[in-house]
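Have a look at the structure below, then the notes.
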Amino acid sequence: MSKVYDVIVIGGGPAGLSAALYAGRARLNTLVLEKKKEGGQIALTSEVENYPGCLEGESGPSLIERMHKQVLHFGADFVYDEIESVVLEGSIKQLKGKKDVYKAKTIIVATGASSRPIGCENEKEFIGKGVSYCATCDGSFFEDFDIYVVGGGDTAVEEAMFLTKFGRNVTIIHRRDELRAAKSIQDKAFKNPKLKFMWDSTVKEVRGDGLLSSMVIENTKTGEQTVVEADEEDMTFGLFGFIGYLPKTEIFKDILTLDKGYIVTDENMKTNIDGVFAAGDVRVKSLRQVVTATADGAIAAVQAEKYIESLD
Ligand code: NAP
């Protein structure tokens, strides 16, 4: 029989790393399972301004690296595998991954969320060929090119400002005529001379021969459609989508209680199954930030410890 961990944390973003830190410090035998690379969405963030202790200019990857080191220091194991199915009832929980099967007394689900697609025709075909959801990863490909950003929230506006470091012009395409982003972020954006706005607009279709070279924009008020073409010399442009996130809960459907796809927990991060906790962006909550994710992770780990004690 394979090793039975005290705690398995699924997901290596801020919530998962914080849970593993607290579990490790409590001397619980802890495993962090991550699909590819720890970090989650924050690893795609160019600058973390609002996490206490992050000084100006600290990037998401840098913050995650520091968190990861801290977790290693407290003895958690890390394994890269993709979990495909779970058995959560009973005293020993079982997770079946692509590479192996993992067992634990408690599970902390910190799988986070992924970018919501823009929702236009041909979108999938152009991912990595003009369409992107990560300014930090792909911004530099569009050095001196035109860049368009879809969305009007904090993420879209902040990432659009970051992209002005690369793009000749950056245009925010927003479906309404006012931004959702915080006033302080808007103030900075409206002062940025490289940032333009296309109001009341959505992207209906993206086109191109291999590379993205044009898109159809629809006015949400009039229904009028216009075609935006790439500059003749550039032949392409960047289109970044930042219109929110989708929780990664597919494998928990019909097992954990979900609300609009997010895991329902109580204030102690407990799900509907004993010994199973959820932390971070994947759960129902009012504020999805690094600071709330790390707090969730800490609470989940402490509750996992209490649950294990109650088993003895
Ligand atoms: P968000 O606040 O949910 O904003 C999503 C944006 O996308 C909205 O402007 C929305 O338009 C637009 N949108 C949604 N669906 C769309 C669709 N199908 N087509 C076109 N546009 C669509 O998401 P977020 O900006 O990623 O922020 C998520 C959370 O993280 C928020 O709580 C935010 O405050 C927080 N956050 C904070 C910071 C910071 O404090 N520095 C940075 C990043 C994120 P409408 O406005 O018309 O609904």
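It should be emphasised that the depicted structure is a prediction, and the values quoted were computed from it without experimental measurement. Order of listing sets the numbers, starting from 1, for every ligand and every atom in it.
- Note: Phe166 and Phe162 meet the aromatic proximity criterion, with ring centroids under 6.0 Å apart.
- Of all non-hydrogen atoms in Asp281 and Gln289, the two that sit nearest each other are OD1-N, 4.2 Å.
- Closest protein heavy atom to atom 7 (O) of ligand 1: Ile243 CA, 3.3 Å.
- In terms of N/O distances under 3.5 Å, ligand 1 is approached by Gly152.
- The protein heavy atom nearest to atom 35 (C) of ligand 1 is Gln289 NE2, 2.9 Å.
- If you check the side chains of Lys306 and Asn268, you find no donor sitting under 3.5 Å from an acceptor.
- Counting only heavy atoms of the protein, atom 27 (O) of ligand 1 lies nearest to Thr155 OG1, 3.5 Å.
- At under 3.5 Å, not a single nitrogen or oxygen of Val150, backbone or side chain, sits near a nitrogen or oxygen of ligand 1.
- The two residues Arg175 and Thr220 come nearest to each other via the heavy atoms O-OG1, 3.0 Å.
- Residues Ser85 and Ile251 share a closest heavy-atom pair of N-CG2, 4.4 Å.
- The protein does not reach atom 3 (O) of ligand 1 closely, with no heavy atom under 4.0 angstrom from it.
- No donor-acceptor contact under 3.5 angstrom links the side chains of Asp138 and Tyr133, judged on distance only.
- Nearest to atom 11 (O) of ligand 1 among the protein's heavy atoms is Arg175 NE, 3.2 Å.
- Remark: minimum distance from atom 48 (O) of ligand 1 to any protein heavy atom is reached at Arg180 NH2, 2.7 Å.
- Looking at Asn29, its side chain never comes within 3.5 Å of a backbone N or O of Tyr5 through a donor-acceptor pair.
- Shortest contact from atom 23 (O) of ligand 1 to any protein heavy atom: Gly244 CA, 4.0 Å.
- Residue contacts with ligand 1 for Arg288 involve N, CA, C or O but no side-chain atom from C-beta outward (heavy atoms, distance under 4.0 Å).
- Asp154 OD2, 2.6 Å is the protein heavy atom nearest to atom 34 (O) of ligand 1.
- Looking at atom 47 (O) of ligand 1, its nearest protein heavy atom turns out to be Arg176 NE, 2.6 Å.
- Remark: atom 17 (C) of ligand 1 lies closer than 4.0 Å to at least one protein heavy atom.
- Considering every non-hydrogen atom in both Lys105 and Tyr307, the closest pair reads O-CE2, 3.7 Å.
- Using 4.0 Å as the threshold, Asn50 has a heavy atom nearer than that to some atom of ligand 1.
- Within 6.0 Å of atom NZ in Lys285, more than 12 heavy atoms from other residues, nucleotides or ligands are found, so the atom counts as buried in its surroundings.
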